[in-house]
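What follows is a single structure, written as structure tokens, with notes after it.
The figures that follow rest on heavy atoms only: side chains count, while hydrogens, waters and symmetry mates do not. Because the structure is predicted, anything quoted here is derived from the model rather than measured. Chain naming here is simple, since letters A, B, ... match the order of the sequence lines and numbering starts at 1 in each.
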There are 2 protein chains.
Amino acid sequence: MARERKFSNEELYQTTKQLLLQYGYEGYTITLLANQLDVSRAAIYKYYDNKEELLSEYMVYEFESFLSKLEKISEEKTFSDQFNALFAFIFNDMSLYQLREMGMQIPTVNKTIAKNKQKLSEIHKILYTSLEEFIQLGKQEKVIREDIPSNIVLGLIFQTVNIPNTEGMPHQLWVEKIKEVVCHGLFAI
Amino acid sequence: MARERKFSNEELYQTTKQLLLQYGYEGYTITLLANQLDVSRAAIYKYYDNKEELLSEYMVYEFESFLSKLEKISEEKTFSDQFNALFAFIFNDMSLYQLREMGMQIPTVNKTIAKNKQKLSEIHKILYTSLEEFIQLGKQEKVIREDIPSNIVLGLIFQTVNIPNTEGMPHQLWVEKIKEVVCHGLFAI
DNA sequence: TAGTATAGTTACACATTCGTCACTTTAAGA
DNA sequence: TCTTAAAGTGACGAATGTGTAACTATACTA
């Protein structure tokens with residue numbers, strides 16, 4: 001009944017992600033997106049009323065897929081295995097914290113966006129409580145120190161992702177070293 | 001001989017910093033700056049040929065003052081005291097890493113900017129080697145683990161600054177907790 | 001093969017930013 | 001008081017971004 005599409009939703013989301021990380025929230029434009037997808041700007045507006053709506057839909061997609069991937073981690077048996085899986089997972093797609101910051105910036109210019117932001121904050125809540133439970137488990141099993149607040153534990157893990165690998169170490173080794181420091185600290189004692 | 005100025009260089013730099021951190025590199029505009037300083041845009045252009053030049057001058061200022069403040073740290077006697085001073089210092093002005101990223105983004109559109117970027121990269125080098133020497137000292141004194149590359153040590157310290165204090169803990173306590181984790185790790189063992 | 005729903009394009013109006021230029025204002029010295 | 005140099009303003013053209021509307025292209029189906 002219709003013409004073939006020149007780009008899929010998936011392509012649009014992936015391109016959006018790349019552009020957001022490259023140029024930041026304010027540097028992201030529909031012109032850039034359309035050029036990357038090799039279509040006219042107007043084609044984008046067939047699917048989204050405005051930029052904010054597009055970005056809020058993308059954010060929901062990104063965090064939903066993060067959440068669903070995260071749930072597979074709980075299939076690991078020991079806390080230690082789960083911890084390693086979480087670390088590997090976060091380092092595999094290192095941009096979540098940055099994207100979260102940008103998600104907060106989207107102005108609520110219509111009802112769809114309000115709904116998406118609502119959804120986003122629910123996903124965040126689920127994400128956070130499920131991660132917090134995970135940390136709690138670690139504390140119960142006496143693996144994680146009980147004197148460190150969980151939000152600092154999580155914050156630390158997510159922020160380490162952004163440590164620039166200036167020396168160009170092999171990814172795997174680099175992740176191992178960082179995990180080592182996060183687990184046992186900088187000090188020798 | 002001349003009229004009184006409505007804003008000082010210092011004010012311009014402070015406002016620039018605030019706007020950069022609030023809106024990001026792409027979101028920073030001369031219009032915003034001029035409004036904040038309560039002057040016309042054209043007044044800004046009396047002092048700077050273009051936006052990039054202004055930003056590159058600001059970056060040099062910011063990193064030079066960081067460097068000079070940093071040098072006072074080496075006056076502390078023991079490594080431990082120096083480490084604490086560094087930590088306190090970084091947490092006192094938490095934005096250095098973000099600003100550094102933005103500094104890298106400035107396009108070189110004329111010679112002044114080229115010169116400033118050159119200067120910036122020299123300051124970075126001094127900054128980095130002086131911090132690296134500091135870490136080396138820690139390793140020699142067997143305080144810092146020798147198996148962790150120095151760039152990861154520094155990266156970790158600078159990144160922890162960005163851990164969001166979601167629970168709204170008192171600043172001092174929050175810094176102490178983070179220092180504790182950075183030094184001794186998440187694990188209880 | 002003609003109709004139709006969906007995909008995409010071109011072109012427009014509007015807003016914002018940038019950098020410039022001719023102009024006015026102000027304060028100090030001759 | 002007159003001159004002058006620096007400070008500041010308002011208005012302009014060029015470029016870029018946003019969102020819309022009228023149009024064309026394509027593929028399925030009756």
Side-chain angles (χ1 to χ4, degrees), chain A residues 1-16 18-59 102 105-114 116, chain B residues 1-16 18-59 102 105-114 116:
Chain A
M1 246 192 217
R3 185 171 164 177
E4 224 176 83
R5 281 188 60 167
K6 289 177 76 180
F7 63 96
S8 64
N9 259 15
E10 186 66 26
E11 283 176 279
L12 184 142
Y13 287 151
Q14 288 315 313
T15 309
T16 290
Q18 179 237 311
L19 293 174
L20 277 178
L21 292 174
Q22 187 169 356
Y23 299 107
Y25 181 77
E26 306 279 347
Y28 177 92
T29 67
I30 300 291
T31 306
L32 267 173
L33 178 66
N35 288 346
Q36 284 279 322
L37 293 175
D38 198 36
V39 290
S40 65
R41 283 187 320 106
I44 309 286
Y45 284 98
K46 292 283 166 188
Y47 303 97
Y48 302 94
D49 280 358
N50 51 51
K51 195 167 83 156
E52 286 71 33
E53 196 168 310
L54 190 159
L55 286 173
S56 71
E57 304 261 304
Y58 157 69
M59 286 290 169
M102 295 182 198
Q105 280 188 55
I106 304 170
T108 309
V109 300
N110 68 31
K111 280 190 186 172
T112 312
I113 297 170
N116 282 333
Chain B
M1 246 189 218
R3 186 170 163 177
E4 225 176 86
R5 280 189 61 165
K6 287 178 74 180
F7 63 98
S8 65
N9 259 14
E10 187 65 27
E11 283 177 279
L12 183 142
Y13 288 151
Q14 289 314 314
T15 309
T16 290
Q18 179 238 310
L19 293 173
L20 277 177
L21 292 173
Q22 186 170 357
Y23 299 108
Y25 181 78
E26 306 280 347
Y28 178 92
T29 67
I30 301 291
T31 307
L32 269 172
L33 177 66
N35 287 346
Q36 284 278 325
L37 293 175
D38 198 35
V39 290
S40 65
R41 282 184 326 102
I44 309 286
Y45 283 99
K46 292 281 168 189
Y47 302 96
Y48 301 95
D49 280 357
N50 51 52
K51 194 168 82 158
E52 286 72 31
E53 196 168 307
L54 189 159
L55 287 173
S56 71
E57 304 261 305
Y58 158 69
M59 287 289 168
M102 295 181 197
Q105 279 188 55
I106 303 170
T108 309
V109 301
N110 69 29
K111 281 190 187 173
T112 311
I113 297 170
N116 282 333

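In this structure, B:T29 reaches the sugar-phosphate backbone alone: every heavy-atom distance under 4.0 Å involves primed, P, OP1 or OP2 atoms, never a base. Heavy atoms of B:T31 sit under 4.0 angstrom from primed sugar atoms or phosphate atoms, though from no base atom.
Distance B:L54 CG to C:dC18 P: 11 Å, rounded to the nearest Å. Following rounding to the nearest Å, B:E11 (CD) and D:dG8 (P) show an atom-to-atom distance of 11 Å. With rounding to whole Å, B:I113 atom CD1 is found 13 Å from C:dG19 atom C1'. Taking atom CG on B:L37 and atom P on D:dA7, their separation rounds to 15 Å, with Å as the unit. Computed from coordinates, the B:Y28 OH to C:dT17 P distance equals 13 Å when rounded to whole Å. Following rounding to the nearest Å, A:N50 (CG) and C:dA15 (P) show an atom-to-atom distance of 17 Å. Between B:Y48 atom OH and C:dT20 atom P the separation is 16 Å, expressed in whole Å. The OH atom of B:Y23 sits 14 Å away from the P atom of C:dT16 (whole-angstrom rounding).
When each of D:dG10, D:dG8, D:dA27 is scored by its nearest atom to the side-chain atoms of A:E4, the top-ranked nucleotide is D:dA27. Checking C:dG8, D:dG8, D:dT18 against the side-chain heavy atoms of A:I30 singles out D:dT18 as nearest. The side chain of B:K51 lies closest to C:dC18, out of D:dT18, C:dC18, C:dT20.
Judged by a 6.0 Å distance limit and a 45° cone about the ring axis, B:R41 is not positioned over the six-membered ring of B:Y45.
For A:Y58 and A:Y28, the ring centers are positioned 6.0 Å apart or more. Centroid-to-centroid, the aromatic rings of B:Y47 and B:F7 come within less than 6.0 Å.
When the side-chain nitrogen and oxygen atoms of A:K46 are compared with OP1 and OP2 of C:dT6, none of them lie within a distance under 4.0 Å. For B:Y47, a side-chain nitrogen or oxygen approaches OP1 or OP2 of D:dA7 to under 4.0 Å. OP1 or OP2 of C:dG19 sits under 4.0 Å from a side-chain N or O of B:Y45. Taking only side-chain nitrogens and oxygens, A:K6 never comes nearer than 4.0 Å to OP1 or OP2 of C:dA7.
The shortest distance between side-chain heavy atoms of B:L32 and B:T29 falls below 4.5 Å.
Taking only distance into account, the side chain of A:R3 never meets the base of C:dT6 through a donor-acceptor pair shorter than 3.5 Å. A donor-acceptor contact under 3.5 Å links the side chain of B:R41 to the base of C:dG19.
The distance from atom CE of A:M102 to atom CD of A:E26, rounded to the nearest 0.5 Å, is 10.0 Å.
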